[in-house]
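This report concerns only the one structure given below.
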Amino acid sequence: MDTSKVLSGKDTAVAVYASFKNRLDILSKRGIIPGLCVILVGDDPASQIYVKTKSKKLQSLGLRSKNIYLNNDVSQNELIQTINGLNQDSNYHGILVQMPLPSHIDSQLIINSIDSTKDVDGFHPENVGWLSIGEPRFIPCTPKGIMKIFKHYNIELIGKDIVVIGRSNIVGRPMSVLVSSNGEWSNGTCTICHSRTKNLEQYTRNADVVISAIGKPNYLKADMIKKGSIIIDVGINRVEAENDKGYKIIGDVDYNSVIDKVSFITPVPGGVGPMTIAMLVENTIEAAEQNIP
Ligand code: NAP
C-alpha cells in the first residue's frame, strides 16, 4: 500500500489529544473536570459499542464520563426530563443523545431540549445557526474532525472545487458550510450532492476534493473521480466477511479502485472515525472552558 497518500485520522488524533493536555491542566488548576453524559435509548449493539468507546476515551484522558441507558419504550417526556436534569447538573458540561432514537420519539424535539451550551454534538438549532453565520460555537464532530485532518496534513482548500456527497445535518450539511466558509483553512467552492442529484459523476469528476458521506459500500469508483483528487471517506458500512466476527467495516469509497488515481485519501477504518471521537472530547473541553470564571 502506498502510505504516502494516506491521510491518517489515527495519527491526526494522536497529535490532537496531545494538544489537549495544556487545556486540561488549566481547567484542573481551577478544579474543573470536563464531563460528558451520553444517553442511549434501546439496545442497538452498534450504538452500545460507540457509547462504550466514547466513555473509555474520556476516562483515559481523565475526563468525567457517565452513560445513561434507557429502555426502548421510554416515553418522550421521560427522556426530556432526564435531559432537563442534566441541563442543571454542573458536573456534566456536555450532553449527547445517541442517535438514532426509536420512531415514537421526535429526535429534533429531543435535540432542542438540550441546553445549547452543553450541545457538544453541535446539532441544536442555535449552534447550527452560529455555524452558518460564520461564528461557530460547537461544530459537529465529524466535519470538524475532517477539517483538522486537512490542517494536520497542510492541505489548503482555498479556491478548490469541493463536492460533498450527502446532506445530513450530522455530516454533509455542516461539512459543506465549513469547507466554503470564509475562514482559515477553508474558502473552497462547494457543491453538495444527494440522492436526487442528476449525473452525480459530472460533479465528482471535476472536483479537486470529494467528501463522501452517504453510507453505500464501495460506491465511489475510479471512473467517478479526477486524477490527483483528494478523497475523504466518511462512510461506515458493515459488510459480510470471512473472519471471526463475520463482518468488516468498509467505506463509501472503493479504495483499491481509486488509490492509483488520488493524491490523498482517508482510509476506513483509521481515517475519519478516530477524529470524530477526538472532536467530541474537544467539544466537551470547550464546554467546560466556558465555565471558567
Ligand atoms: P444519512 O443521514 O443516511 O445521510 C445520507 C446522505 O447520503 C443523504 O443526504 C442521502 O441523500 C445521501 N445519499 C444516499 N445515497 C446516495 C446516493 N446513491 N447518491 C447520492 N447521495 C446519496 O447518513 P449520515 O448520518 O450523514 O452518515 C453517512 C455515512 O457516514 C454513514 O455510512 C455513516 O455511518 C457514516 N458516518 C461516519 C462517521 C465517522 O465518524 N466516520 C460519523 C457519522 C456518520 P438524501 O438526503 O437525498 O436522502
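Just so you know, ligand 1 is whichever comes first in the structure, and atom 1 is the first atom listed for that ligand. Note that the numbering runs from 1 along the sequence shown for the chain.
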Pair D44-Q48, side-chain hydrogen bond (donor to acceptor under 3.5 Å, both in side chains): steps then yes or no: CA-CA 6 Å; D44 175 55; Q48 285 183 341; over 6 Å; no
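A side chain to side chain donor-acceptor pair (under 3.5 Å) check over residues 135-157, counting only residues at least two apart or in different chains, returns the pairs T142-T276, K144-E282, K144-N283, K144-E286, K148-E282. For residues 27-43, no pair satisfies side chain to side chain donor-acceptor pair (under 3.5 Å), with sequence neighbours left out. Identified under the side chain to side chain donor-acceptor pair (under 3.5 Å) test for residues 79-89, with sequence neighbours left out: none.
Cation-pi geometry between K57 and Y17 is met: the NZ or CZ atom falls under 6.0 Å from the ring centre, inside 45° of the normal.
For the residue pair S75/N77, the side-chain donor-acceptor check at 3.5 Å is not satisfied.
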What does the N/O contact table under 3.5 Å look like for ligand 1?
from, atom 1, to, atom 2, distance (Å)
ligand 1, 9 (O), R167, N, 2.8
ligand 1, 11 (O), S195, N, 3.3
ligand 1, 21 (N), S195, N, 3.3
ligand 1, 26 (O), S168, OG, 2.5
ligand 1, 32 (O), I236, N, 3.0
ligand 1, 32 (O), I236, O, 3.4
ligand 1, 40 (O), T276, OG1, 2.7
ligand 1, 41 (N), V234, O, 3.3
ligand 1, 46 (O), R167, NE, 2.7
ligand 1, 47 (O), R167, NE, 3.4
ligand 1, 47 (O), R167, NH2, 2.8
ligand 1, 47 (O), S195, N, 3.2
ligand 1, 47 (O), S195, OG, 2.5

